[in-house]
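One structure is given below, encoded as structure tokens.
Each ligand, and each atom within it, is numbered from 1 in the order the structure gives.
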Amino acid sequence: MEQRYATHPSQIPGMDTADLRATYLVEEVFVPGEIRLTFTHHDRIVLGGAVPDGGTLDLPGYAEIRSDTFLERRELGIVNVGGPGSVTADGQRYDLVPGACLYLGRGIASVAFSDEPGAGAQFYLFSAPAHTTYPSVLVNPDEGNVLELGDQKTSNRRTLTQYIHANGVQSCQVVMGVTRLHEGSMWNTMPAHTHDRPTECYLYFDVADDARVVHLMGEREETRHLMVADRQAVISPSWSLHSGVGTASYAFVWAMAGENQAFDDMDPAPVTDLR
Ligand SMILES: O=C[C@H](O)[C@@H](O)CC(=O)C(=O)O
Ligand SMILES: [Zn+2]
């Protein structure tokens, strides 16, 4: 799997666009017939995609995490951002409709991804080290905890659904959910925030081919942006803002790992403070 090492905010001023993209953007998350993973040393998160493309893909152990099986010492959050598919964990089959979230706990020996020919399942994977085993839980799109946020006047009307979090599916580190912008709204996570306790990653999806998301990152007084296309992921170190404005509406999977599972553990970054 690809490795991305941890970075310090003082490195940002010396980075040009290519450096920022190579460090914080994962451009190819979903590759048909493959499991494609990226390991970031920011909180030892592994993120990526599994696209069975009508077959079955087995999740292996990896030399980078020195494990015989992937979940030997890890937990895994999965959101299906494609068509219907299934995940089989130690023989237990979970059917994931589009938008469903599955939590798999530490110690599961075998994980396989599959779908029917033409179904188009695309499983987004987000994993962190786990100190103990919590039960595996499947949450359908309408079963999460839904927050309606924003206002049309500020073009940030959005529906935020929490799946894995302190008051939802229990985990060791992973917090995970999906936010969908309403038609005509473009801004996510504005006013912005940071949270030093976890690292957070966004996977943008349902971004039209001719649209892009201008993703805002960096510290409050040293902001930078990334131009993000459909089904690309952004790694936000604990010190970084993470907000975005699209050229059309879109959705994204947000996922965090670190000190706690408190979704509202945020440090506000008023827009008037941003440089
Ligand atoms: O720490 C929380 C994460 O940044 C996201 O859940 C925020 C988000 O989806 C939004 O406001 O649009
Ligand atoms: Zn956040």
> Sequence neighbours excluded, which residues qualify as salt bridge (charged side-chain N to carboxylate O under 4.0 Å, His left out) partners of Arg36?
Replying inline: Glu28, Glu34

> Less than 4.0 Å between a side-chain N and a carboxylate O, is that true for Arg224 and Asp19?
Replying inline: no

> Does any donor atom in the side chain of His242 or Glu200 lie under 3.5 Å from an acceptor atom in the other side chain?
Replying inline: yes

> Excluding waters, which protein N, O or S atoms are within less than 2.8 Å of the Zn ion (ligand 2)?
Replying inline: His193 NE2, His195 NE2, Glu200 OE1, His242 NE2

> Side chains of His42 and Thr7: donor-acceptor distance under 3.5 Å anywhere?
Replying inline: yes

>> Quick one about Glu75 and Tyr134 (side-chain donor to acceptor, distance below 3.5 Å, no hydrogens or angles considered), yes or no?
In response: no

> Once the angle between the rings of Tyr124 and Phe126 is folded into 0 to 90°, is it parallel (under 30°), tilted (30 to 60°) or perpendicular (over 60°)?
Replying inline: tilted

> Got a salt bridge between Glu72 and Arg74, using NZ or NE/NH1/NH2 to carboxylate O under 4.0 Å?
Replying inline: no

>> Tell me which residues fall inside the under-4.0 Å heavy-atom shell around ligand 1.
In response: Arg158, Leu160, Thr179, Asn188, Thr189, His193, His195, Glu200, Tyr202, His242, Phe252, Trp254, Met256, Phe263, Met266

> Between Asp230 and Arg212, is the closest basic N to carboxylate O distance under 4.0 Å?
Replying inline: no

> Partners of Asp53 by salt bridge (charged side-chain N to carboxylate O under 4.0 Å, His left out), sequence neighbours excluded?
Replying inline: none

